[in-house]
Asks: 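Quick one: the structure is below, questions incoming.
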Amino acid sequence: MSWDWLTGSGDAVRGTVIIATAVVGLYLVISRLARRLISRIASNDDDAGRRANTLWSMLRRLVLVVFAATGALAILNQWGVSITAFLAVGSAIGLALGFGAQNLVRDVISGFFILAEDQFKMGDVVRIAGVTGSVEEIRPRVTVLRDYEGNVHYVPNGEITVASNLTQEFAQVVIDIRVAHSESIDRAIDALGDELAALASAPEWSQRIIEEPQVLGVDALNPSEVVIRASLKVTASDRWVLKREALGRIKRRFDRDGLVMPPPQIEVHRKGT
């Protein structure tokens, strides 16, 4: 193999090395500065740090593509290759994408506004497009969710018309307790209030409950049961574990006090002959 083309193009080779080194070095510097800035933000405000990390995870790909394309065109120019044709082809491709990839553009724009408006960020538990799960990644085109069974869902950002964030700021845990009509409503309400108050004062749970528990009273009168409703205002990420703990305490208390929770009623209709 002849290497004359290489030895005869020293300036082009040196230019290629310089451009490649500059592009890679600049990208690494920007990445390092972004990580340091995110760490500084997170040290002052963990929530803002998560938002900044989510935004950078989306912008990083865009920055990488722009740097790679710019570096490739600069290197081609160093070797005397006219980039006019590439620019013309790029313009034609961009025009075609504008007409044929409207959904892609819609997804990217929607992803930007999701981050700009702080609708949700990585680590939040959300319900979008009929799927509930933890946000693992927000990409320019899709949002990646992992549900409680470990399944990963890729939801196009443009398909997100309503986003329900289940872990933003605080959560309201609603507890409905069903008791038999034969039981004393006052006894049931007192027992429910006592157990929730004990939960709120327990050292391992008190920091997770924002306000004092409220027993709202009788919420429904059904043919076979009375429904008593209570609520807990808690830290958003602890809503599920606190609800499980509260229900377990209430069940044990009702068992000790002999308060009956009626079983589900099944109605059987027999066809006449």
Side-chain angles (χ1 to χ4, degrees), residues 23 26-28 30-35 37-39 41-42 45-73 86-173 235-241 243:
V23 169
L26 185 58
Y27 174 75
L28 293 177
I30 292 176
S31 298
R32 184 173 181 180
L33 289 176
R35 287 194 297 269
L37 179 60
I38 291 170
S39 298
I41 293 173
D45 187 340
D46 184 62
D47 190 62
R50 289 169 58 198
R51 183 182 179 187
N53 188 51
T54 301
L55 182 61
W56 171 241
S57 70
M58 184 176 182
L59 292 178
R60 181 177 54 200
R61 293 181 176 83
L62 180 61
V63 171
L64 182 59
V65 170
V66 170
F67 275 37
T70 303
L73 291 175
F86 290 97
L87 294 176
V89 171
S91 299
I93 292 175
L95 185 62
L97 286 175
F99 286 103
Q102 296 181 17
N103 287 341
L104 175 62
V105 175
R106 182 191 64 177
D107 292 340
V108 173
I109 293 175
S110 297
F112 172 78
F113 280 108
I114 286 171
L115 293 173
E117 296 174 357
D118 195 25
Q119 296 178 19
F120 53 81
K121 49 193 167 292
M122 289 189 295
D124 285 348
V125 178
V126 300
R127 185 184 300 115
I128 55 176
V131 178
T132 301
S134 175
V135 179
E136 292 210 331
E137 198 171 358
I138 302 176
R139 299 177 183 174
R141 194 183 68 83
V142 299
T143 295
V144 184
L145 299 183
R146 186 179 295 275
D147 64 23
Y148 296 111
E149 295 181 349
N151 304 311
V152 177
H153 304 269
Y154 298 87
V155 182
N157 293 327
E159 298 293 327
I160 303 173
T161 55
V162 177
S164 302
N165 194 327
L166 307 183
T167 53
Q168 193 171 56
E169 295 183 11
F170 68 89
Q172 197 79 19
V173 175
T235 51
S237 59
D238 295 312
R239 62 190 304 168
W240 297 282
V241 65
K243 185 171 185 178

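What you see is a predicted model, and the numbers here were worked out from it, not measured in a lab.
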Asks: If I take atom CG from residue Asn157 and atom CD1 from residue Ile128, how far apart are they, to the nearest 0.5 angstrom?
Replies: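 Here the rounded value is 7.5 Å.
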Asks: When rounded to the nearest 0.5 angstrom, what distance separates CZ in Arg32 from CD1 in Ile30?
Replies: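 The CD1 atom of Ile30 is 14.0 Å from CZ of Arg32, to the nearest 0.5 Å.
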Asks: Can you give me the closest heavy-atom contact between Gly158 and Ser110, atom names plus distance?
Replies: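 Taking Gly158 first and Ser110 second, the nearest heavy atoms are CA-OG, 3.7 Å.
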Asks: First locate atom CD of Glu159, then atom CG of Asp107, and finally report the distance between them rounded to the nearest 0.5 Å.
Replies: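 Going from CD on Glu159 over to CG on Asp107, the span is 7.0 Å.
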Asks: Could you give the distance from CD (Gln119) to OG (Ser164), rounded to the nearest 0.5 Å?
Replies: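 Those atoms lie 11.0 Å apart.
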Asks: A side-chain contact here means heavy atoms from C-beta on lying under 4.5 Å apart; do Tyr154 and Val131 qualify?
Replies: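 Side-chain contact under 4.5 Å: no.
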Asks: Could you point out which residue of Val135, Asn165, Asp147, Leu166 forms a side-chain contact (heavy atoms from CB on, under 4.5 Å) with Val125?
Replies: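 Testing Val125 for a side-chain contact (heavy atoms from CB on, under 4.5 Å) against Val135, Asn165, Asp147, Leu166 leaves exactly one candidate, Leu166.
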Asks: Within this structure, what is the OG-CG distance for the pair Ser134 and Asp124, rounded to the nearest 0.5 Å?
Replies: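 One finds 8.0 Å between OG of Ser134 and CG of Asp124.
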Asks: State the CD1-CE distance between Ile138 and Met122, to the nearest 0.5 angstrom.
Replies: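 If we round to the nearest 0.5 Å, Ile138:CD1 and Met122:CE are 7.0 Å apart.
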Asks: With respect to Val126, which candidate in Val155, Leu145, Ile160 satisfies the side-chain contact (heavy atoms from CB on, under 4.5 Å) definition?
Replies: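 Running side-chain contact (heavy atoms from CB on, under 4.5 Å) over Val155, Leu145, Ile160 with Val126 returns exactly one hit, Leu145.
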Asks: If you compare all heavy atoms of Val173 against all heavy atoms of Arg239, which two are closest, and at what distance to 0.1 Å?
Replies: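 Heavy atoms only, the tightest pair is CG2-O, 3.6 Å.
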